2 protein chains.
Amino acid sequence: MLKTSLPSLHCHMRHSLIRLSYRPLMTIIEKDKKSNGNFQLKTPKGTRDYNEKEMTIRQGLFDTITKVFQRHGGVTIDTPVFELRDILSEKYGEESKLIYDLADQGGENCSLRYDLTVPFARYLAMQGKKPEGLQMKRYQIAKVYRRDQPIMTKGRLREFYQCDFDIAGQFDPMIPDAEVLKVMCEALDAVKVPFNIKINHRQILDGMFEVCGVPKEQIRSISAAIDKLDKLPWENVKREMIEEKKLDEAVADRIGSYVQHLNTTHSIDAFNLIHLLEQDTHLMAHEGASRGLNEIKLLLEYLDVFKIRDRVRLDLSLARGLDYYTGIIYEAVTDKSEGLGSIAAGGRYDHLVGLFSGTNKTGKPKTIPCVGVSIGIERLFSILLARQKMDTIKANPTEVYIISMGDGLLKERMDIAQELWDAGINASYMFKNKPKLEKQWAICDKDQIPFAIIVGKEELEKGQVRIKDMRSKDDNQRGGIILNRENMISELKNRLKVL
Amino acid sequence: MLKTSLPSLHCHMRHSLIRLSYRPLMTIIEKDKKSNGNFQLKTPKGTRDYNEKEMTIRQGLFDTITKVFQRHGGVTIDTPVFELRDILSEKYGEESKLIYDLADQGGENCSLRYDLTVPFARYLAMQGKKPEGLQMKRYQIAKVYRRDQPIMTKGRLREFYQCDFDIAGQFDPMIPDAEVLKVMCEALDAVKVPFNIKINHRQILDGMFEVCGVPKEQIRSISAAIDKLDKLPWENVKREMIEEKKLDEAVADRIGSYVQHLNTTHSIDAFNLIHLLEQDTHLMAHEGASRGLNEIKLLLEYLDVFKIRDRVRLDLSLARGLDYYTGIIYEAVTDKSEGLGSIAAGGRYDHLVGLFSGTNKTGKPKTIPCVGVSIGIERLFSILLARQKMDTIKANPTEVYIISMGDGLLKERMDIAQELWDAGINASYMFKNKPKLEKQWAICDKDQIPFAIIVGKEELEKGQVRIKDMRSKDDNQRGGIILNRENMISELKNRLKVL
């Protein structure tokens with residue numbers, strides 16, 4: 001059955017592995033080709049397994065980012081991996097075609113979640129409180145699903161993690177927005193990935209389009225075209241707007257004068273660019289654009305207090321694909337050295353919750369304003385993975401390996417293991433009646449187990465065992481140091497404490 | 001691994017949660033009924049959200065169990081939430097109809113995972129090593145999906161977590177099996193849920209059926225009927241075997257003499273029951289049954305070393321639903337006080353990996369013997385939830401709330417927050433330009449924030465802030481204690497250290 005999709009997956013992988021030479025993925029390609037009778041032994045297209053060493057890196061990444069989220073008072077929630085299809089529909093614009101649907105097996109129509117933002121808005125709308133009273137800083141680290149063309153080596157997968165931090169509630173302008181940007185900076189700094197932040201404002205963008213003469217109903221679609229300017233030259237984007245989206249050429253040229261002008265200035269400090277825009281009386285006559293610019297100015301004041309203002313560049317070509325943004329939008333981009341593009345993004349979405357919670361008695365939507373950021377964990381994972389040597393990663397948590405010399409002594413080893421477990425020490429032994437000595441040493445090496453407890457018949461009869469520091473190259477302790485059995489736990493605990 | 005047993009787990013729960021009145025779940029049901037225009041505001045049938053307090057309990061449970069898994073040297077892996085449909089098919093017997101399929105949107109046919117065991121076996125088969133060289137202790141805590149009839153208030157869900165610990169590899173008999181049972185005991189003890197363990201052996205069971213005269217091709221189906229004896233009286237099970245499964249009545253009666261005999265003795269120590277079976281020359285002439293009994297005897301010797309033998313009862317009516325078990329099977333059952341039935345289950349499955357990895361040059365399956373346990377986390381979660389008062393749970397991680405008295409002092413509060421974050425302290429402040437004092441105190445109370453830093457204009461000018469212990473009832477510190485700003489961090493760190 002699965003043959004259809006394999007060739008394209010292989011193609012991507014072949015072309016993209018050049019820079020990041022990443023062995024585990026190579027072995028995945030070989031594995032993909034294995035077939036057993038009438039089925040192929042592989043994971044579905046665009047998905048992958050994570051082995052224990054990769055999990056060690058990934059878990060470390062999650063822990064680091066969770067710590068930042070909690071430092072800012074974030075709490076976490078969980079929502080189902082699939083939602084009613086109606087909840088997701090009309091939230092993602094052109095990207096909706098990438099949503100995974102569940103088969104109709106009777107009952108409700110469901111789809112796998114496409115992001116964590118729409119489910120969060122649905123969750124908020126279900127809390128039943130008066131929206132104006134609801135305030136929440138929530139983070140969520142969970143998998144989302146997109147039927148996109150996968151590029152496994154660049155961390156573009158069909159099943160991937162998002163790490164989201166969002167602030168919901170009615171607050172004074174730009175204060176939560178500034179904190180979300182601060183959280184994004186702290187998280188990326190904690191992972192030690194260099195980056196810059198592009199910001200823009202949906203209302204400035206819409207004002208610019210209106211001033212240039214884009215019909216209102218085309219704004220989101222033209223906006224999506226402009227968003228491609230970081231990957232395509234202006235001429236291609238212009239052609240798309242004129243030919244596919246039937247935009248008047250004069251209007252396209254007016255947009256061009258903005259975005260090309262901005263292209264030449266995008267390395268100057270945001271404040272200078274704001275100054276230029278403020279002198280654009282045409283644009284400033286647009287109420288939304290003018291309000292958007294004031295919000296950005298206020299935001300920059302707060303970012304100044306947080307000491308992150310110099311990381312931010314205003315970029316009018318930043319549009320973001322999704323429909324639901326209403327204010328500030330932003331994207332963190334790695335610098336060329338990491339070469340992976342966008343690693344975190346987000347913005348303000350004040351009306352999304354209102355789409356679910358309906359209107360109050362006076363006909364006003366019962367909405368909850370929100371602002372948030374989503375950190376692209378798969379890309380950070382790729383960067384961290386490329387920095388690490390796989391064989392230096394200790395994934396196995398065993399602290400003590402119980403080794404028998406000579407007679408097997410299975411029950412004696414079990415008895416010691418039981419004692420160590422009861423004391424909270426991570427211990428293992430070989431599941432053989434008469435294990436070979438070299439094989440037991442080999443496991444200590446392979447799993448980087450720091451200590452061995454060695455049991456021998458004679459010592460056991462005297463109530464003794466031997467302890468050996470497996471990292472020590474000291475030949476004098478080759479057979480280990482003799483210990484009275486009753487001191488074994490305290491000796492191990494002392495040694496583990498200073499590990 | 002052995003999640004196989006979960007359907008029966010579900011049945012158990014259905015009957016048992018009556019006493020646990022769990023308000024949050026009740027309110028979810030009410031929320032389910034809310035509708036907004038043309039769509040219903042709810043999660044899909046059989047799924048639910050978890051709020052921040054429920055997540056605090058759930059995360060605590062995961063941490064506790066993970067610690068046990070790691071104490072035994074377990075490493076973790078991750079596999080996709082969906083698998084190629086062919087990987088899952090013909091693994092779950094009659095339960096296969098409960099598998100969620102993804103819609104056909106072009107490309108591969110996929111289904112949501114039904115348990116973590118089959119994906120683990122697929123993962124092992126893809127590792128490419130010679131099976132005899134592959135050894136792994138792996139744990140995995142992840143969601144699985146079953147289109148079962150949900151009973152939300154009793155914790156029977158369509159999306160639920162499984163916590164699995166499995167040992168894969170060629171080892172000497174019963175050594176890994178004993179460790180898996182030890183892991184199960186430690187995990188359940190750590191959660192402080194009282195329980196007993198029922199064990200049986202697929203080969204004893206099959207031997208008993210053969211000796212009674214059950215045709216070979218009917219053994220699994222009769223076995224599934226016998227598994228219902230913990231919920232149905234013998235007469236009903238007998239009727240099912242005779243009427244639905246067309247078993248000869250004399251054969252059914254012979255089975256009855258075993259299982260009813262066993263019913264009267266199931267409270268005696270396993271060793272006595274084994275002694276009775278050993279005297280059954282008819283049964284002992286069956287090679288598999290005799291081997292199974294010897295394995296159980298060896299297992300009990302090891303469980304004796306691990307000090308858990310007295311928790312185990314041999315129960316010939318324990319059969320487990322899924323097809324893939326080949327040896328020891330077991331189930332942990334809560335005692336009547338918790339009333340929840342089966343909370344963990346598993347067994348040995350030596351041939352499952354071989355279904356994926358094919359045969360070697362001599363035509364032998366390249367299999368990896370495995371044994372494992374699956375802990376039913378939703379049931380434990382229900383028990384823990386029923387023990388806790390929701391409002392005593394601190395979900396919000398904030399350690400310090402920065403409060404302004406009087407003038408708002410927004411940027412000054414931001415500046416202090418920034419300083420605390422940089423020092424690794426979890427800090428928040430109110431997102432208002434001029435917050436009311438009472439509202440700031442109220443948040444400290446609601447979120448159980450232990451310390452407040454109070455800023456006032458006069459103190460700030462003198463380089464001072466005030467610190468207040470929010471848990472103290474001492475009226476003398478009502479406005480807080482004055483601190484020099486440069487001592488703020490060290491004072492907070494000292495106080496947080498002893499929290």
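Every chain is numbered from 1, with letters handed out A, B, ... down the list of sequences. Here the structure is a predicted model, which means the values were calculated and not measured. Side chains included, hydrogens not; waters and symmetry mates left out as well; all remaining heavy atoms used.
Interface residue Asp422(B): only side-chain heavy atoms are found under 4.5 Å from chain A. With a 4.5 Å cut-off on non-hydrogen atoms, Met136(B) touches chain A through its side chain but not through its backbone. Only the side chain of Arg58(B) has a heavy atom closer than 4.5 Å to any heavy atom of chain A. Contact of Lys411(B) with chain A is made through backbone and side chain together, with heavy-atom distances under 4.5 Å. With a 4.5 angstrom heavy-atom cutoff, Lys53(B) does not touch chain A via any of its atoms. Using a 4.5 Å cut-off between heavy atoms, Glu159(B) contacts chain A through its side chain alone, with no backbone atom that close. For chain A, the nearby part of Ile99(B) is the backbone; its heavy atoms alone come within less than 4.5 Å. For Val68(B), no part sits under 4.5 Å from any heavy atom of chain A, backbone or side chain.
Comparing Thr56(A), Ile167(A), Ile175(A) by how many heavy-atom pairs each has under 4.5 Å with chain B, the most go to Ile175(A). Ranked by heavy-atom pairs under 4.5 Å with chain B, the list Glu419(A), Lys307(A), Glu52(A) is led by Glu52(A). In terms of non-hydrogen atom pairs under 4.5 Å with chain B, the most contact-rich of Thr398(A), Ile449(A), Asp101(A) is Asp101(A). Considering only heavy-atom pairs separated by less than 4.5 Å from chain B, the leading option among Ile87(A), Asp447(A), Leu410(A) is Leu410(A). The residue among Tyr401(A), Tyr100(A), Phe69(A) with the most heavy atom pairs within less than 4.5 Å of chain B is Tyr100(A). Of the residues considered (Arg147(A), Lys182(A), Met430(A)), Arg147(A) shows the highest number of contacts with chain B, using heavy-atom pairs under 4.5 Å.
Proximity of a side-chain donor or acceptor of Asp104(B) to a complementary backbone N or O of Gly106(B) within less than 3.5 Å is detected.
Phe82(A) and Tyr145(B) have tilted rings, their planes meeting at an angle from 30° to 60° on a 0 to 90° scale. Using a 30° and 60° split on the angle between ring planes, Phe431(B) and Tyr429(B) fall in the perpendicular class, above 60°.
A donor-acceptor contact under 3.5 angstrom links the side chains of Arg85(A) and Ser111(A), judged on distance only. Looking only at atom types and distance, the side chain of Ser428(A) has a donor-acceptor partner in the side chain of Lys137(B) under 3.5 Å away. Of the N and O atoms on the side chains of Tyr139(A) and Gln70(A), at least one donor lies less than 3.5 Å from an acceptor on the other residue.
A 4.5 Å side-chain heavy-atom check between Asn51(B) and Tyr123(A) finds at least one atom pair inside the cut-off.
Once rounded to the nearest 0.5 Å, the distance linking OG1 of Thr79(A) with CZ of Arg122(A) reads 6.0 Å.
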